[in-house]
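First comes the structure, then the notes that go with it.
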Amino acid sequence: MSYIIKGNTGDWEVVIGLEVHAQVISNSKLFSGADTTFGAEPNSQVSFVDAGFPGMLPVINAKCVEQAVRTGLGLKAKINNRSVFARKNYFYADLPQGYQISQYELPIVGEGTLILDMPDGSTRAVGIERLHLEQDAGKSMHDQHPNKSLIDLNRSGVALMEIVSKPDMRTPEEAGAYLRKLRAILRYLGSCDGNMEEGSMRCDVNVSVRHPGEEFRTRCEIKNVNSVRFVMQAIEHEAARHVEVYESGGDIRQETRLFDPSRGETRSMRSKEQAHDYRYFPDPDLLPLEFDDAYVEAIRATLPELPDEKKERFISEYGITAYDATVLVMDQENSAFFETVAKGRDGKTAVAWVTTNLFGSLNKRGLSVSDSPVSATQLGQLIDLVADNTLSTRLAKDVFEIMMDEGKDPSVIVEERGMKQVTDTSAIEAACDQVIAANAEKADEVRNGKEKLVAWFVGQVMKATQGKANPAMLQEILKKKLLG
Amino acid sequence: MLDKQTVRNIAFLARIDVKEDDLEPLANQLSGIIGWVEQLGEVNTDGVAPMTSVTNQVLRWRADELTDGGRADQVVLNAPDKLDGCFAVPKMVE
Amino acid sequence: MTTLTDLTLAQARDGLRNKDFTARELTESYIAAMDKHRDLNAYITETPELALAQAAESDARLAKGDAGAMEGLPIGMKDLFCTEGVLTTAGSHILDGFKPPYESTVSARLKQAGAVLLGKTNLDEFAMGSSNETSYYGASKNPWKATGDDRDLVPGGSSGGSAAAVAARIAIAATGTDTGGSIRQPAAYCGITGIKPTYGRCSRWGIIAYASSLDQAGPMTRDVRDAAIMLGAMSGYDPKDSTSANLPVPDFEAALTGNIKGLRIGLPKEYRPEGLSPEIAALWDRGAQWLKDAGAEVVEISLPHTKYALATYYVIAPAECSSNLARYDGVRFGLRVEGSSLDEMYMKTRAAGFGTEVQRRIMMGTYVLSAGYYDAYYLKAQKVRALIAQDFRQAFEQVDVILAPTAPTPAFGMGENMADPITMYLNDVFTVPTSLAGLPGLSVPAGLSATGLPLGLQLIGKPFDEETVLRVGGVIEDAAGFTAKPTLA
Ligand SMILES: [Mg+2]
Ligand SMILES: [Zn+2]
């Protein structure tokens, strides 16, 4: 899965690093007791701390610390028992204190690893550089007034985890896989809802290109890209731009850029270019953040089974493919649904029903697993009806569609509509005899060697029995009758 | 020491409008203070950990409870310009 | 009968409880005195109506016998403490019209203890200064004058308005804050008592920040007993301040036993630099002798990094202030000067809103934190600060308390030191090291200069050992018998 841009000066590879800002799930803000719920009236969820009023001081929220440690553990990362909050100083209308409380030299979480699951079933490890805690800024609105911008500070002070990857990705697909996997892990852990559209997970993309084997070249940072698809598009465009600049003898300047989804391209943000100098220094209003190993271990003990472990288990326990396992474990509800279906049944059959039939049908209806009209228990019952020969696979598919429409148990549907398959030999034989008698010429053709026509007879008998004949028995009886 | 351009940059970082004529005298004054401060170079600080907090205490954590907010009127009460419950500033353009 | 405004805080407290007079009478005396001495410019905002209302409530509580520690006592509040609904300026133009919707923890505690608020006292802008001359509201004057000289003198700074008010008997006591000497130096210049407690003893919540790792609130009073009483009412753990110490508040007044037998008193040799005024040196020697006479043992100690304290301070304090003052941007409160863009609005607002010295410190601080200079200045200063703190730790292995002068000179004339910032900074040479180390420091009036101006001696203690500092301070006070008063017109 290499992604190489062919140029006049040779092949170019793309180097990608991602910085993800993930809003921490907590009741109150990182340093104040104001609510974090999205969508409230302007400035109604603001303490004087969040608004940077004179004399106000930050006090840290224990839950946010726990969420950061939990996430660090989920990323198999080094947890730093001592970290330091620093001020990142810059002026902006949505930054009331004139600085963001963040972590600089000593973050709460150090190096870790995230495993990418590629569509071909292969995996790739991407390094995590660090995870640190920091405050979110407020929100600026620009279209309410011809010459004013309006500031709402409800989001100001909400805890963010900034998760920085190493520049380990080489294709837009890997970047996409990274974001999907990170989102899955955050959701499993319950530390972030991972909603990119609402902005609770935001991504800055660092892109550079190089000839394979070269040192890294200058990178550009594309700020705040708000969907996985846009991240991939932005990388493609930005990499192509770099190649074009280099190949026409130009140079790439380190800068911050913006992705414009309507045009599918990135452009320079000159407004952010002036005098970048954040003057980080340890926040004198806070002491170093410290905890012991016991604290970390107590959190570790509460971690759920994470996607990677679940994937391994699904493969070994249910005998399904890596691809199917990946599809399932990316979402906790999907995997739980699958497990309920697969428990005590054939794993391969279960995965086919869940990923092909159920997901396909849900997709068509625009529903997610949590809104599925067919419960996992019901789907299991349906599989059981096939296993005990009550239903043929074909009948089962019809029953399934009715279940999706009506939400009833499969046994009820089978009973109500008399959909039980016919396994009575004499009944099938009678149906066969009838069809053969009515089509004597075609029967002769079969006997004279045109064996392909057996399938046509199967179809005719099926039709005559309203699809209820057991397909295997039908095959056998027909062959015997036609071919002796 | 500090020249005019440096002072101009610092003034912008600090968002203080300094008149062109004041840059030079300010550069001289700040240079004087910086020159005086440079006596710290005489102190051997090899292996000394910087002092980041005065107290020997550990940071205390608060419980994740809602104890604040719900007073938008007070938050914008002192604002020099406000609109629809928001703070108003000169239009920012990207 | 003595004038009510001449009573110390302790005397007035006792008088109120004995029903010798009412809180209303006491408060009215102070309001009348404030009227009379408004020329001192000690207050930025006077709150006589609020004071009378509070006095009435105090009288009711006194009548019921449930008086608080500061019940009915009319005080001044440095205008750096946010007071709910009362204009709070920090002595700056940039906080124009700012009425906080909240009350600082310290002022709330004082209110809770029954104190009556006379008004908000003048200060150097954002507490940056040693003379009170950087206040946007004009300098406060020292009520003292040199013998035979009618020139106006500075009250010291930054808590100059508080010091002047207490000395001029237009407040029974006042709050101050001390970042590099801003309680102790004005206390010495105005002939009153002031204590900067250990960093973390008083909550910083609701106090407008200058340099967060240094700022501490403390009382400014007529004598040591008053300081002990008021400190008790101001102190205590505050969960809203992450740097507040979770320690019980001792009964500071009970520590004033007068018994210092066997205590070891350190005299740092580095505090006697060449060129120290002989008058100050003599006062210091006299102080040491008083303590010896009271049964203490006096030993010479060394604080080797003293020389570098001022330079360290003038890196750290501006660095922190440059960040702390970024919130004054014309968006949420205070002054705004309109501009065509956000940056232009910021720049015009901050240029118009901050005075020269504040701008100078913000620029200094911005410079020392900026890329390429952080290690050379800020980080270096934090390391030297660690050495200064270590000097004190080692000294306190040998001694219980340190005795030193508070300031190198008596109060100087208004305008005299304004030209050169470094000369002005030198006023804090004896107070800054204590601040850097976060230790308690007390200034007690101990004598008069040849020109008839008050001089202070300073006692520096171990962390959270304000009790010993106050006890020894009480002994100095008794021995000095300082009874001089400013001659007020
Ligand atoms: Mg970033
Ligand atoms: Zn960030």
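Proteins come first, then strands; the chains are lettered A, B, ... in the order of their sequence lines, and each starts at number 1. Source: prediction; values computed, not measured.
- Salt-bridge check for B:Lys82 with B:Asp73: failed, with every basic side-chain N at 4.0 Å or more from each acidic carboxylate O.
- Ring geometry for A:Tyr278 against A:Tyr280 counts as perpendicular: the plane angle is over 60°, on a 0 to 90° scale with 30° as the lower cut.
- With a threshold of 4.5 angstrom between heavy atoms, B:Ala63 approaches chain A through N, CA, C or O but not through any side-chain atom.
- Heavy atoms of B:Val89 lying under 4.5 Å from chain A belong to its backbone as well as its side chain.
- Residues A:Arg130 and A:Glu162 are not paired through a salt bridge, judged by the lack of any N-O separation under 4.0 Å between the basic side chain and the carboxylate.
- When heavy atoms are compared at a cutoff of 4.5 Å, B:Ala14 approaches chain A solely by way of its backbone atoms N, CA, C and O.
- Of the atoms belonging to A:Phe53, it is side-chain heavy atoms, and not backbone ones, that fall under 4.5 Å from chain B.
- In terms of non-hydrogen atom pairs under 4.5 Å with chain B, the most contact-rich of A:Gln144, A:Arg279, A:Gln45 is A:Arg279.
- Contact tally against chain B (heavy-atom pairs below 4.5 Å) for A:Asp283, A:Leu150, A:Leu286: the top residue is A:Leu150.
- Taking A:Phe31, A:Phe48, A:Phe281 one by one and counting their heavy-atom pairs under 4.5 Å with chain B, the maximum is reached by A:Phe48.
- Both the backbone and the side chain of A:Pro288 come within contact range of chain B, each with at least one heavy atom under 4.5 Å from a heavy atom of that chain.
- Between B:Arg8 and B:Glu20 there is a salt bridge, since at least one side-chain N of the basic residue sits less than 4.0 Å from a carboxylate O of the acidic one.
- By number of non-hydrogen pairs under 4.5 angstrom with chain B, the leading residue of A:Asp152, A:Val84, A:Thr36, A:Asp35 is A:Asp35.
- Highest contact tally toward chain B, considering only A:Ser140, A:Ala51, A:Pro282, A:Ser32, is held by A:Ser32 [criterion: heavy-atom pairs under 4.5 Å].
- The residue among B:Thr67, B:Leu66, B:Asp84 with the most heavy atom pairs within less than 4.5 Å of chain A is B:Leu66.
- A perpendicular orientation is assigned to the rings of B:Trp61 and A:Tyr295, their planes being inclined by more than 60° (bins at 30° and 60°).
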- Item | Full working for side-chain hydrogen bond (donor to acceptor under 3.5 Å, both in side chains) between B:Asp64 and A:Ser26 | CA-CA 7 Å; B:Asp64 182 25; A:Ser26 61; 4.5 Å; no
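- A salt bridge links A:Arg257 with A:Glu255; the closest basic N to acidic carboxylate O contact falls under 4.0 Å.
- Between chain B and the options A:His145, A:Met141, A:Glu41, heavy-atom pairs under 4.5 Å are most frequent for A:His145.
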- Item | Derivation of the side-chain hydrogen bond (donor to acceptor under 3.5 Å, both in side chains) call for A:Asn81 and A:Asp293 | CA-CA 7 Å; A:Asn81 295 41; A:Asp293 291 338; 2.8 Å; yes
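- At a 4.5 Å heavy-atom cutoff, the contact between B:Asp81 and chain A is made by side-chain atoms alone.
- Salt bridge A:Asp193/A:Arg187: absent, no basic N to carboxylate O contact under 4.0 Å.
- With respect to chain A, the highest number of heavy-atom pairs below 4.5 Å among B:Ala72, B:Ala88, B:Cys86 belongs to B:Cys86.
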